[in-house]
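As structure tokens, the structure follows; a few thoughts come after it.
By convention here, the first residue in the shown sequence is residue 1. Order of listing sets the numbers, starting from 1, for every ligand and every atom in it.
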Amino acid sequence: MKVLAGIQPSGDLHIGNYFGSIKKMIERQESDSVYAFIANYHAMTTVGDGERLSTLTMQAATDFLALGIEPEKTMFWVQSDVKEVLELYWVLSQFTPMGFLERAHSYKDKVAKGIHPHHSLFSYPVLMAADILLFDSEVIPVGKDQIQHVEIARDMAIRFNNEHGDIFRLPVHQVDDEVATVPGTDGAKMSKSYGNTVNIFGDEKMIQKTIKKIVTDATPLEEPKAYENCNIYALAKLFLGPSELLALQERYKTPGEGYGHFKLYLHDVMWEYFRPYREKRAYYAAHQDEVRDILKAGADKARAIAQEKMQIVRSKTGIAY
Ligand code: ADP
Ligand code: TRP
């Protein structure tokens, strides 16, 4: 199955991102053809500072390679290195009734939050449709907020195909209902917009400090504690196998240890879990040219596919003459 994932380069990755989407994407490399790209054109709608956007793009590339993207298996590139996507964006605009975009929740939510929208925010779903249709993607794994965008892409493909024949494959979204929402340090959904994240690649002091902030109840040391609703337990669970989990439950039930001890334990298991990824990240951080070479090779492969598709689109739409 051809799976396409667009990743916005929007800052430090947290363990909610990891367990909610990255880990699954990495695992899929074994069974599917994964196409993964860094959506830097999309990020322009929120990151106005050019220097920052370019830093964030390299940061995202470095992080994703460290976490297990394998360039031999997965086509991995930066969106702006394949310009064909912008051409298709324009072509698809002719197949996008204004109402599609006016009804987009993500756009409406941002406007409701007081953002003064530019055209780029309004037409964001058209560019996303171009990303998807250019590569004949079959499955698009997304969070709930992005479902409508994939549906819009599918509608555009249908409209285009009705007019010009079977040119675009119809994509479907995939939302993983099994993935539980990872809670943040305050118990609400972990999200960078809430300032409650535990970052994957923070330095050790910072991670210790963050873990210390995790909110718990005030059960004293000498009483047994309930692990079921405990935020520390909910996070530790992500890193533990069944027997370790049982052992931790026993520690909660047995008086004598406090939440401070469980926080130290969480820190240790998390620190160990990400050790190999951290080491790989340190390597790529010290070899940014290698990262650029990987991205360039990925873009070359993606461009070859994109060019082939665009030739057909141009000839169908009268742009080739
Ligand atoms: P944030 O809320 O921090 O801005 P994003 O919206 O950039 O995160 O999410 C990127 C991906 O990570 C999405 O696929 C989303 O479903 C997943 N994700 C983000 N936060 C969580 C969470 N707390 N639990 C599970 N998955 C999450
Ligand atoms: N809009 C997506 C997000 O915010 C990122 C994205 C851009 C994307 N183009 C895509 C996702 C194409 C899937 C397919 O998460």
Just by distance, no angles: are the side chains of Ser106 and Gln146 close enough, under 3.5 Å, to form a donor-acceptor pair? no
Between ligand 1 and Lys192, is the shortest N or O to N or O distance under 3.5 Å? yes
Can Tyr107 and Glu102 be counted as having a side-chain donor-acceptor contact under 3.5 angstrom? no
Short N-O contact, Glu250 and Lys253, less than 4.0 angstrom: yes
Tell me: protein heavy atom nearest atom 18 (N) of ligand 1, and distance? Gly16 O, 3.7 Å
Using only heavy-atom distances, determine whether the side chains of Tyr283 and Glu290 contain a donor-acceptor pair under 3.5 Å. yes
N or O pair under 3.5 Å between Val182 and ligand 1: yes
With a 3.5 Å cut-off and sequence neighbours excluded, list the donor-acceptor pairs that the side chains of residues 312-321 form with protein atoms.
{"from": "Arg314", "atom 1": "NE", "to": "Glu87", "atom 2": "OE1", "distance (Å)": "3.3"}
{"from": "Arg314", "atom 1": "NE", "to": "Glu87", "atom 2": "OE2", "distance (Å)": "2.8"}
{"from": "Arg314", "atom 1": "NH2", "to": "Glu87", "atom 2": "OE1", "distance (Å)": "2.8"}
{"from": "Ser315", "atom 1": "OG", "to": "Ile312", "atom 2": "O", "distance (Å)": "3.4"}
{"from": "Thr317", "atom 1": "OG1", "to": "Val313", "atom 2": "O", "distance (Å)": "2.7"}
{"from": "Thr317", "atom 1": "OG1", "to": "Arg314", "atom 2": "O", "distance (Å)": "3.4"}

Exercise: identify the closest heavy-atom pair between Ser93 and Val126: OG-CG1, 3.7 Å
Ligand 1 and Ser193, any nitrogen or oxygen pair closer than 3.5 angstrom? no
For Gly143, is at least one N or O under 3.5 Å away from an N or O on ligand 1? no
Extract all donor-acceptor atom pairs below 3.5 Å that involve side chains of residues 115-125 and protein atoms in other chains or at least two apart in sequence.
{"from": "Ser123", "atom 1": "OG", "to": "Tyr89", "atom 2": "OH", "distance (Å)": "2.7"}
{"from": "Ser123", "atom 1": "OG", "to": "His119", "atom 2": "O", "distance (Å)": "3.1"}
{"from": "Tyr124", "atom 1": "OH", "to": "Gln8", "atom 2": "NE2", "distance (Å)": "2.6"}

Quick one: which ligand 1 atoms are inside 4.0 Å of a heavy atom on Met190? 20 (N), 21 (C), 22 (C), 23 (N)
With Asp176, which residues qualify under salt bridge (Lys or Arg N to Asp or Glu O under 4.0 Å), at least two apart? Lys24
Does one side chain, of His173 or Gln148, offer a donor that lies under 3.5 Å from an acceptor on the other? no
Return the residue, atom name and 0.1 Å-rounded distance of the protein heavy atom closest to atom 19 (C) of ligand 1. Asn17 ND2, 3.4 Å
Does His14 approach ligand 1 within less than 4.0 angstrom via side chain, backbone, both or neither, non-hydrogen atoms only? side chain
Heavy-atom nearest neighbour in the protein, as seen from atom 2 (O) of ligand 1, with distance rounded to 0.1 Å: Ser191 OG, 2.8 Å
Show me, by chain and number, every protein residue that has a heavy-atom distance under 4.0 Å to ligand 2. Leu4, Gly6, Gln8, Phe37, Ala39, His42, Tyr124, Met128, Asp131, Ile132, Ile140, Gln146
If you measure every N/O of Thr181 against every N/O of ligand 1, is any gap under 3.5 Å? no
Would you say atom 10 (C) of ligand 1 touches the protein, meaning some protein heavy atom is under 4.0 Å from it? yes
Just which atoms of ligand 1 are under 4.0 Å from any heavy atom in Ser21? 11 (C), 12 (O), 14 (O)
Strictly below 4.0 Å, N to O, side chains only: are Asp293 and Lys296 in salt-bridge contact? no
Hey, is atom 6 (O) of ligand 1 under 4.0 Å from any protein heavy atom? no
Think Arg159 forms a cation-pi with Phe95, using NZ or CZ under 6.0 Å from the six-ring centre and within 45 degrees of its axis? no
Taking Glu138 first and then Lys2, would you say they form a salt bridge - that is, a charged N and a carboxylate O separated by under 4.0 Å? no
